[in-house]
Amino acid sequence: MKAVAYSIKPFEKEFIARANGKKHDITLISNPLGIETASFAAGKDAVLVFTNDDVSAPVINKLAGLGVKYIATRSTGTDHIDQEAAGLSNIKLANVPGYSPQAIAEHTVAMALALNRKLVQADAGVRRFDFRTDSLIGFNFHRKTVGIIGLGHIGRATAAIFNGFGCRVLGYDIQPSANPNDIEVTDLVTLLRESDIITLHIPLSGATRHLIDQATIAQMKKGVMLINTSRGGLVNTAEVIRALDSGKIGYLGLDVYEFEQGLFFAGHEHDWQKDGMMLRLLEHPNVLVTPHQAFLTAEALQEIANQTITSLDLWQQEKCLGEACTCGSHCGRKKNGVKSNPNENILLL
Ligand code: NAD
């Protein structure tokens, strides 16, 4: 299969090469996908994208016109892809479901610890040879209440780590599955009211956009710690900044940012004033921002590459990946009545 992979970082190349061997003819380019760069996909069967690529309807229509039949995103989240437009253009989609939940869970907890124990300020002080501790007081995680919104792969992995600290772990999910015995499953209102630390592990969709806004913040404890390693759009950033100013939110950790497209994954040392909202966030010493790096471990990168290449393998054999097949109803429509076997992870087309 011929493919072009957009938004490739130099560090990804060895993982993709190891996963692919010489099976598929993949052109790796650093340019993001957009209306201007879609033409690089001419003559290709598949396009491989990442979270900040533009996979909107106009771009998808252009790709379809160039003969592209498949789009695989090297991410779990699919909120950047217009799935409706892909279905209408008969383009099949795949994502990478649950590639290494521990990578994101561990980064979530690292952000919480760094904020609580003021590791960034301590390190900056020590590097100036300032060894004073007056402003470095934190709190014990032990016996605090942690609220986990979204009990999927990453939410459950995060719960396991906080359990190890001796926290009381509350969890909320719209689809409560098997009730893990280390999590007290509850409703959103209770979770917001009782948690000292709240962490988001749900996908971004129309229903979840701005889940964290003035109304939900009002229900939280004063001084709450909020961590978002899922998607920036889950949080109304302007309203969160107001809550930081008032002290309602005591700590904020963001690995994802509502306006990260065009900002993250690139150096902006020379146009650093371009994002006023980010500047406002960074005025607060109790805010920690990382540039969408929660997935960035060697294990996760290899698993992303492996699962992406598996999608190409199966498409080449005219099969559709089970859990990784994100085209849902559109795939179903094209299956001409061939039903999936619930005991198999692969849907035959
Ligand atoms: P998952 O599908 O295993 O779990 C998501 C859970 O959220 C599901 O249990 C689902 O029922 C629940 N959910 C959906 N809508 C909800 C709502 N409105 N309220 C409560 N629960 C809801 O996904 P995952 O692998 O745990 O990943 C979660 C998210 O993490 C992804 O969608 C992605 O956006 C993000 N992510 C971020 C990074 C990163 O590097 N920062 C890496 C991977 C994934």
Side-chain angles (χ1 to χ4, degrees), residues 7 9 11-12 49-53 55 73-81 83 93-112 147-161 170-180 183 185-192 195 198-213 215-216 219 227-235 253-258 260-261 264-265 288-305 307-308 322-326 328:
S7 297
K9 303 280 177 294
F11 59 76
E12 282 181 273
V49 299
F50 196 54
T51 51
N52 283 356
D53 283 315
V55 203
T73 181
R74 311 189 297 283
S75 61
T76 303
T78 54
D79 49 279
H80 52 300
I81 301 176
Q83 297 189 32
L93 305 175
N95 72 334
V96 185
Y99 50 85
S100 179
Q102 288 75 20
I104 297 91
E106 289 171 14
H107 191 77
T108 301
V109 179
M111 295 193 89
I148 302 200
I149 301 183
L151 299 176
H153 296 92
I154 299 171
R156 288 201 304 267
T158 307
I161 303 175
L170 301 181
Y172 164 70
D173 198 295
I174 41 160
Q175 282 186 320
S177 49
N179 190 354
I183 303 173
V185 176
T186 185
D187 56 278
L188 183 60
V189 173
T190 307
L191 184 148
L192 295 173
S195 299
I198 295 175
T199 177
L200 308 179
H201 301 290
I202 54 176
L204 178 62
S205 67
T208 61
R209 182 172 293 281
H210 288 182
L211 178 79
I212 303 301
D213 63 3
T216 43
Q219 299 172 59
I227 309 284
N228 184 11
T229 57
S230 279
R231 283 292 178 269
L234 296 174
V235 166
L254 298 180
D255 183 55
V256 287
Y257 170 53
E258 192 176 0
E260 71 179 57
Q261 196 167 24
F264 279 21
F265 306 123
L288 177 60
V289 178
T290 54
H292 204 143
Q293 67 177 81
F295 70 99
L296 210 56
T297 67
E299 292 84 351
L301 287 169
Q302 191 59 68
E303 194 52 32
I304 290 169
Q307 290 192 31
T308 303
E323 221 195 325
C325 176
T326 66

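All ligand and atom numbering here is 1-based and tracks the order in the structure. Atom set for the values below is all heavy atoms of this structure, side chains included, hydrogens, waters and symmetry mates excluded.
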His292 side, atom NE2; Glu260 side, atom CD - distance, nearest 0.5 Å:
5.5 Å

Are any of the N/O atoms in Asp255 less than 3.5 Å from those in ligand 1?
yes

Taking 4.0 angstrom as the limit and counting only heavy atoms of Gln175, give me the atoms of ligand 1 inside it, by number and element.
11 (O)

Between the CD1 atom in Ile198 and the OG1 atom in Thr216, the distance rounded to the nearest 0.5 Å is 8.5 Å

In this structure, does ligand 1 have an atom that sits under 4.0 Å from one of the heavy atoms of Ser230?
yes

Go through the steps for Asn95 and Thr78 under the test side-chain hydrogen bond (donor to acceptor under 3.5 Å, both in side chains), then give the verdict.
CA-CA 7 Å; Asn95 72 334; Thr78 54; 5.5 Å; no

Name the closest protein heavy atom to atom 4 (O) of ligand 1, giving the residue it belongs to and the distance to 0.1 Å.
Gly152 CA, 3.2 Å

Looking only at non-hydrogen atoms, which of Asn95, Val256, Ile154, Thr51 approaches atom 25 (O) of ligand 1 most closely?
Ile154

In the protein, which heavy atom is nearest to atom 36 (N) of ligand 1, and how far is it?
Arg231 NH1, 3.8 Å

Between His201 and Ser230, what is the shortest heavy-atom contact and its length?
CA-OG, 3.1 Å

For atom 16 (C) of ligand 1, the protein heavy atom that lies nearest, with its residue and separation
Ile174 CG1, 3.4 Å

If you measure from CG on Leu288 to CG on Leu254, what distance do you get to the nearest 0.5 Å?
8.5 Å

Can you classify the ring geometry of Phe295 versus Tyr99 as parallel (below 30°), tilted (30 to 60°) or perpendicular (above 60°)?
perpendicular

Looking at atom 2 (O) of ligand 1, is any protein heavy atom nearer than 4.0 Å to it?
no

Using a heavy-atom cut-off of under 4.0 Å, does the side chain or the backbone of Thr208 touch ligand 1, or both, or neither?
side chain

How does His292 reach ligand 1, if at all, at less than 4.0 Å between non-hydrogen atoms: by side chain, backbone, both, or neither?
side chain

State whether Arg231 and Glu258 are salt-bridged, where the test is any N-O pair (Lys NZ or Arg NE/NH1/NH2 against Asp/Glu carboxylate O) under 4.0 Å.
no

Select one of side chain, backbone, both or neither to describe which atoms of Asp173 lie under 4.0 Å from any atom of ligand 1, heavy atoms only.
both

Residue, atom and distance of the protein heavy atom nearest atom 37 (C) of ligand 1 read Thr229 O, 3.1 Å

Nearest neighbour in protein (non-hydrogen) for atom 32 (O) of ligand 1:
Pro203 CA, 3.3 Å

Got a donor-acceptor contact below 3.5 angstrom from the Thr297 side chain to the Ala300 backbone?
yes

Just by distance, no angles: are the side chains of Thr199 and Thr108 close enough, under 3.5 Å, to form a donor-acceptor pair?
no

Part of His153 with heavy atoms under 4.0 Å of ligand 1, whether side chain, backbone, both or neither:
both

Closest non-hydrogen protein atom to atom 42 (C) of ligand 1, residue and atom name please, with distance?
Tyr99 OH, 3.1 Å

Got an N/O contact under 3.5 Å between Ile149 and ligand 1?
no

Of all protein heavy atoms, the one nearest atom 28 (C) of ligand 1 is His201 O, 3.7 Å

Side chain, backbone, both or neither: the part of Thr76 lying under 4.0 Å from ligand 1 by heavy atom
side chain

When only distance counts, is Phe295 in polar contact with ligand 1, meaning an N/O pair under 3.5 Å?
yes

Taking atom CG of Leu170 and atom CG of Leu151, what is their separation to the nearest 0.5 Å?
10.0 Å

Quick one about Thr73 and His80 (side-chain donor to acceptor, distance below 3.5 Å, no hydrogens or angles considered), yes or no?
yes

One finds that the ligand 1 atoms under 4.0 Å from a non-hydrogen atom of Ile104 are 38 (C), 42 (C), 43 (C)

From the list Asp53, Asn52, Thr51, side chain to side chain donor-acceptor pair (under 3.5 Å) partner of Ser7 resolves to Asp53

Just verifying a value: how many Å separate Asn228 CG and Met111 CE, rounded to the nearest 0.5 Å?
9.0 Å

Nearest non-hydrogen protein atom, atom 19 (N) of ligand 1:
Tyr172 CE2, 3.6 Å

